[in-house]
Amino acid sequence: MATCSECKKFFPLEDDPTLGDCVQRVVDPRQAYYKAKPVEAEMDASKCSSFQKK
Amino acid sequence: MAQVEIKKGEKELLDDRQYWWWAEKKRSPRLNYLRKGVWSKATKGSSWLPGVKMDLENARRQTRVFKEAPPSEPFIITRARALASVLDNMPVFITDHSRIVGYPGSAPHLLTWICTGSSTLNDDTINDRTGVISDEEMEEAREIERFWKGRTYEDKFVQYQNRKERVVGLMADYAAPGRDIIAMDYVVPQCDWMYQGFDSIIATVEDNIKNGEKKMRESPTAEEQVSYMERIDTWKAMKICLEATIRYARRLSRLAKILAENFETDPKRRQELLKISETCYKVPAKPPEHLWEAIQFDQIVQVAYRLEWHNGSWQWRQDYWHWPFYEKDVLEEKNMTRDEVVEYCAEWMIAAYGFGRAYLRVGREALQGTPGPYVWTMGGVKENGEDACNDLTDCYLESALLARVCDPTFGFRYSAKTRTETLRRVFECIRHGLGYPSIRNDDVLIPNLMHWFGHPLKEARRWVHQACMAPAPDTKWAAPALRYPQPSIATGSKAVSMALFDGYDPLTGMNTGIKTGDSTQFETFDEFYNAWYEQLKATFKMLVGMEHRGRNVEALFFPKPMTSSLFERCIETGQNSALCKERSSLWFTLFVFGDTGDCLAAVKKLVYDEKKYTMAELKKAIEANWEGYEEMRMDFVRAPKWGNDDDYVDRIWVKIYEDLGKMSWSVRDINGQPWPTLPESIAAHTVQAPKIGALPNGRRLGDPLYDGGCSPGHGFDKKGPTAVLNSVGKLDHVGSVRATLLNQRLSPAQLQGEKGFTMWRDYMKTWHDLGINHVQFNMVDNETLYAAQKEPEKYSELMVRIAGYSAHFVEMNKITQDSIIARSVQKF
């Protein structure tokens, strides 16, 4: 099972690597931005459409 | 057309009054990107713009925390934990090119939905038919709505309302929906307290908790001991919110750092991201030391309390509070150039323009075209009475020309001491068709604040706009933590109908008013006038009484820990923001009240003085919506009208205003303060038009009502701008009302060049010397407005002033557009 920690978009917290941010590039119809969403390192990413193996 | 305009030079564009193209040429690539990319949360009519969606993130997390909270947990602690959960988990984002970060939502196109306030708002939100909630999220949204049914602030408050109060509030035809239904505040943050940094405030809170624990056990009386129980909970809740806000800022700091180190390839942008990271790590935990830190501090604070409760406004006086940072960064240490400051200010305006919230359709209609209104206060005088205008004021006024957003707008505090170079820039904003700044008379409004509320002179001089119009000091004991005009009348002139029909509203078929007698039996105009006054007073008293209970419901059952933590007095006393007493600066809005004076004057002249018609005939004509009575209607239309310096009608207006003043002192709030009224209209002059029947000034059902508060009826002011000022100047703007709104249209052709500025400046001096509290201008010609109606896609940037706010003309409904065109263009 793939986990968030194996993804290129996962950035672990320095003081607690079991937690981190999933950082994604979003381009919407008006603007582009980067978005960070808190995730756990061991979360199941097998169904994540934006998963990218490190 | 775009191709033609963009080829023109700047001067040519200015000469052709193509200000939107001029702005596009003048803006930096960064500003152009952000301005074009911003997701406006304004509405077209009452519908959200395409692509704007509801954000479930806040509602989802709040609901989860409340579902799982142990029943024994103090409510205020659950509230704080729910907000903290949002601040800790809601996705954060950084838009390309931006330097000011933080948004009360998880993506730029999403609207914040606070689900805890009002079941009516929740119903309205999930029943929106325009797809604002996606099909995939609808079931979750419904589940959230079901959970909160019976648990919101509104549900608590309803228990203390009788049937009439509830019905009148929900109908929104005569009374405006109150605190329970709209669940929205106007919070005025206390800058001099906040800028010590949240770490320092948290340290004070921790001391208070420690001392409180001790006093709860060791105080000599039982009363004193137990008083600390609730206060300790409140302090603990405040601490949770303040700490979560710091963590939220640091999540943005972390994202900026990740982007700089892993994604960004442009070295210049990388440096900007590192600076964002450094700034968001520092503020709001620590005091801001630079201008960009102060702006970022303010932005984070706005995000935090907007996630707790909807806020309908944005109260700030940037040029005053940020001036020391400007002096340091621009004048002393040269950390920034003046041009960079102008760009920063414009960027902040654009960022603010992107803020929005879920709110009721009736509110969206009344404020169509604006996501706010966010009125930033500029200029005025300092605490010592000296002119407060400075180069940062000028920077903001210049930045508005570039940003060209309809929100935030500026309210400019004009005084006898205002410097000419700043006034020139104020005029340029108006000339560029922004519709703002609105001009406020400091030499009237400062005495007004002292008269009504007893604010000391120095504090009164610290006033900011609490919303569109009402000033409030941003000081420790006066800064408002909640929206004052929760009791308001949506259709002020309806009291005239009530007087005619003995409390009965022929349009709704309901006895909305009180029994004041059969008007056909009134023998004198005074009897009719008194019936009108009694009708108005009865509704006024009912609504302010509801608000007294509404505030108490919040104080006892539904406190706001985040909002409370921003106020020194709340930290000091351990009381939440609704419980803690302040020197309140109340007001009771009389929306679309302006027809009243002309209605009463027409009745006086034609029924009582000239006896041309009987009251019975008038009632019959009005019940028939004047149909079959056109000749008679024209007599009432031709009766003396306000705005022509005609003493016959002006004396009635003056008496009405004097009586509004007397009514205001008849009821006091929990702080012992009076409830002065504030006649104005936003867009209610068209939105409420189908909700009030025919009137004795010749108006038919559905015709637009008078806009503003003391503006003449559309096209009825026939004697020029000075006659308008002479009429409006007869009112007592200090002692009769809190404020009142005057709309004027000026001729852009006549006011060109330096001569135009000189004419306007002289006009403003007359306005000031007549003691009028407010004026705002549209300076767009009819040809442009007609062309925009015909080809809206070519005029998407065209802005107009409505009443209390600006909006893009093409985002207004047709009746509101027509009402702007119908205003008289004043020529000097």
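Proteins come first, then strands; the chains are lettered A, B, ... in the order of their sequence lines, and each starts at number 1. All figures in this text were calculated on a predicted structure; none of them were measured in a lab.
- Remark: B:Glu278 does not engage B:Lys282 in a salt bridge, criterion side-chain N to carboxylate O under 4.0 Å.
- Pairs of residues two or more places apart, or lying in two chains, that qualify as ring-ring contact (aromatic ring centres under 6.0 Å, His included) and include a residue from residues 25-47 of chain A are A:Tyr33-B:Phe93, A:Tyr34-B:Phe263.
- Using a 4.5 Å cut-off between non-hydrogen atoms, no part of residues 50-68 of chain B approaches chain A.
- Ring centroid separation for the pair A:Phe10 and A:Phe51 does not come in under the 6.0 Å cut-off.
- Under a 4.0 Å N-O distance rule, the pair B:Glu24/B:Arg35 does not qualify as a salt bridge.
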Passes side chain to side chain donor-acceptor pair (under 3.5 Å), B:Glu343 versus B:Ser28? Steps please.
CA-CA 8 Å; B:Glu343 181 166 301; B:Ser28 64; 2.8 Å; yes
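- Ionic pairing of B:Arg364 and B:Asp128 is present here: one or more N-O contacts between side-chain nitrogen and carboxylate oxygen are shorter than 4.0 angstrom.
- Looking at A:Gln31 and B:Thr95, their side chains do bring a donor and an acceptor atom within 3.5 Å of each other.
- Interface remark: B:Ser106 contributes backbone atoms only to the contact with chain A (heavy atom separation under 4.5 Å).
- In terms of heavy-atom pairs under 4.5 Å with chain A, the best-connected choice from B:Asp88, B:Leu259, B:Leu252 is B:Leu259.
- Taking 4.5 Å as the limit, some side-chain heavy atom of B:Trp292 sits within range of a side-chain heavy atom of B:Lys275.
- The residue among A:Gln24, A:Arg30, A:Arg25 with the most heavy atom pairs within less than 4.5 Å of chain B is A:Arg30.
- Here B:Arg269 pairs with B:Glu272 in a salt bridge; the nearest charged N to carboxylate O distance falls below 4.0 Å.
- Residues forming a side-chain hydrogen bond (donor to acceptor under 3.5 Å, both in side chains) with B:Thr370 (at least two apart in sequence, or on another chain): B:Asp407.
- Between B:Arg254 and B:Ile258 there is a side-chain heavy-atom pair separated by less than 4.5 Å.
- Of the listed residues (B:Val92, B:Leu255, B:Val38), the greatest number of heavy-atom pairs within a distance under 4.5 Å of chain A belongs to B:Val92.
- The aromatic rings of B:Tyr353 and B:His808 lie tilted to each other, with the angle between the two planes from 30° to 60°.
- Heavy-atom distances place the side chain of B:Asn262, and not its backbone, under 4.5 Å from chain A.
- Taking non-hydrogen atoms and a 4.5 Å limit, the residue list of residues 14-22 of chain A in contact with chain B, ordered by number, reads A:Glu14, A:Gly20, A:Asp21.
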